[in-house]
Protein chains: 2
Amino acid sequence: MKYRKIPDETIRRLPMYLRAFSLLRTEATETISSRQLAQRLGLNSPQIRKDLSYFGAFGTRGVGYPVEATARRIRQILKLNKVQKAVLIGAGRLGTALVAYPGFSSFNLDIAAVLDNDPKKIGKKIGPIKIENTDRISTLKKRDIRLAILAVPAEAAQKTTENLVKAGIRGILNLSPCHLKPARPVKIIDIDLASQLGILPYYM
Amino acid sequence: MKYRKIPDETIRRLPMYLRAFSLLRTEATETISSRQLAQRLGLNSPQIRKDLSYFGAFGTRGVGYPVEATARRIRQILKLNKVQKAVLIGAGRLGTALVAYPGFSSFNLDIAAVLDNDPKKIGKKIGPIKIENTDRISTLKKRDIRLAILAVPAEAAQKTTENLVKAGIRGILNLSPCHLKPARPVKIIDIDLASQLGILPYYM
DNA sequence: CTTTGTTTGTGAATGTGAGCACAAATACCA
DNA sequence: TGGTATTTGTGCTCACATTCACAAACAAAG
């Protein structure tokens, strides 16, 4: 295929593919066709073939995609072949739930630090991680932490973002219900839980 | 404007608009222009004008949009003008965090029931709500609960979905990392936290 | 009442992604 | 070796979404 810009939507689906391939590996499946995979994921097969073909041809015609190799390739594309460290800002209920969430490790994502500005929480532990004061945000760079999960109240979100960007953070998963304006361009993914639930009644 | 199908993307943005208008009301602002609103939300102004215009013309040229009336209208469109009850399935850490999350009430969303299948949890309370056994899923219909938040482990997600659909649930916010296949067509919104975080390294 | 400055509402243009259909490649069997 | 059944990779078309550009509507001031 001639060079084309890779659609954001394709990137968005890659983790889904990766999870499916990882699961298949535990089922001792060696190859899978785009049709079978589509069935599992609720997509249609040309979608999957096109997505994967952006990164070169790694299926075999008449057979399908090799599970092991394809998983490895997707991990490489997403830069998930080495552990990526993330910091959690905000050790509230939602934040705490995320630290305990087992789903991150299968993507090689590691919540390596938790920060909060509540003196009562600082020093306490969530699982194996000790909660640090928010002013330690400046130490993230030298600790090789480039990702942040933002789970602070809306009022604090903008200010925290500015500090995160200063501290060399390159990507933010924003769980607060507001639009962040980083000083430098940084990849931000917004997850607004209340808004998402608020959409549902419209479709009933 | 002639009748056109309303884009899903427009619906997806309406809760954001509603939140912004609600906030403006607390700031005692009477009207706001699409440009100012766009500035706040990180969009551009034609986007906002077009989105709102799908539902009729409720701005005033030369002035902007009336805050109070527009908020009311959006609430009506999204069917959030009356309280919508939701059930939470799965009282794990994430589920518990959601029950306590204050952001739902501003959209008139009310988590009215919590179900779990762990005998140790049943009967205990999360805030004001008592955790019930999952088999009480069949009582949801007569309790006027039509929305569900699914926060169960991946293994249980599909089976639970089937039971939810049988119980008359019309919309599901799926927090489990798998694709649900409902027996009848039901609106499902998937939020896969690990996948979302997994996208970030690609863009660094 | 006219002029000037805003801001909406919307047709048209542009951009982006999804789905189809089919040639090319492979496996398997007789 | 030839024939049949699969399945990938991809050009093309269509559908959907965003952005532009401008006429129409309104406010305010002189």
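Reminder, nothing fancy here: chain letters follow the sequence lines and each chain counts from 1.
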On a plain distance test, is the side chain of A:Arg61 in donor-acceptor contact with the base of D:dT8 below 3.5 Å? yes
Are A:Tyr65 and D:dG9 close enough that a side-chain N or O sits under 4.0 Å from OP1 or OP2?
-> yes
Of B:Gln47, B:Arg49, B:Lys50, the one forming a side-chain hydrogen bond (donor to acceptor under 3.5 Å, both in side chains) with B:Ser34 is B:Arg49
Taken to the nearest whole Å, CG/A:Leu43 to P/C:dG17 is 16 Å
Atom CG of B:Leu37 and atom P of C:dT7 are separated, to the nearest Å, by 13 Å
Sorted by position of nearest nucleotide on DNA chain C, 5' first, the leading residue of A:Ile6 and A:Pro46 is A:Ile6
When rounded to whole Å, the CZ to P distance for the pair A:Phe55 and D:dT10 reads 13 Å
Picking from C:dG17, D:dA27, C:dA18, the nucleotide nearest the side-chain atoms of A:Arg13 would be C:dA18
One should read off an interatomic distance between A:Leu80 CG and B:Leu200 CG, to the nearest 0.5 angstrom, of 10.0 Å
Output for pair (B:Leu140 CG, B:Ile145 CD1), nearest 0.5 Å, gives 5.0 Å
Practice task
May I ask you to verify whether the side chain of B:Lys50 and the base of C:dG11 hold a donor-acceptor pair under 3.5 Å?
Solution key: yes
Separation of D:dG9 atom P from A:Phe58 atom CZ, nearest Å, is 8 Å
**Asked** With respect to the phosphate group of D:dA17, does any side-chain polar atom (N or O) of B:Gln47 fall under 4.0 Å of OP1 or OP2?
**Response** no
Rounded to whole Å, CG of B:Asp8 lies from P of C:dA18 at a distance of 13 Å
Using the ring centroid of each side chain, check whether A:Tyr101 and A:Phe104 are separated by less than 6.0 Å. yes
Atom CZ of A:Arg35 and atom C1' of C:dG19 are separated, to the nearest Å, by 15 Å
**Message:** Is there a side-chain contact between A:Ser34 and the phosphate of D:dT8, meaning an N or O under 4.0 Å from OP1 or OP2?
**Reply:** yes
Separation of C:dT7 atom P from B:Ile48 atom CD1, nearest Å, is 13 Å
The answer to which of A:Val63 and A:Asn44 contacts DNA chain C further toward the 5' end, by nearest nucleotide, is A:Asn44
* Assess whether side-chain contact (heavy atoms from CB on, under 4.5 Å) is satisfied between B:Leu175 and B:Leu98, documenting all intermediate values. => CA-CA 11 Å; B:Leu175 292 156; B:Leu98 290 176; 3.4 Å; yes
Between OH of B:Tyr54 and P of D:dC16 the distance, given in whole Å, is 11 Å
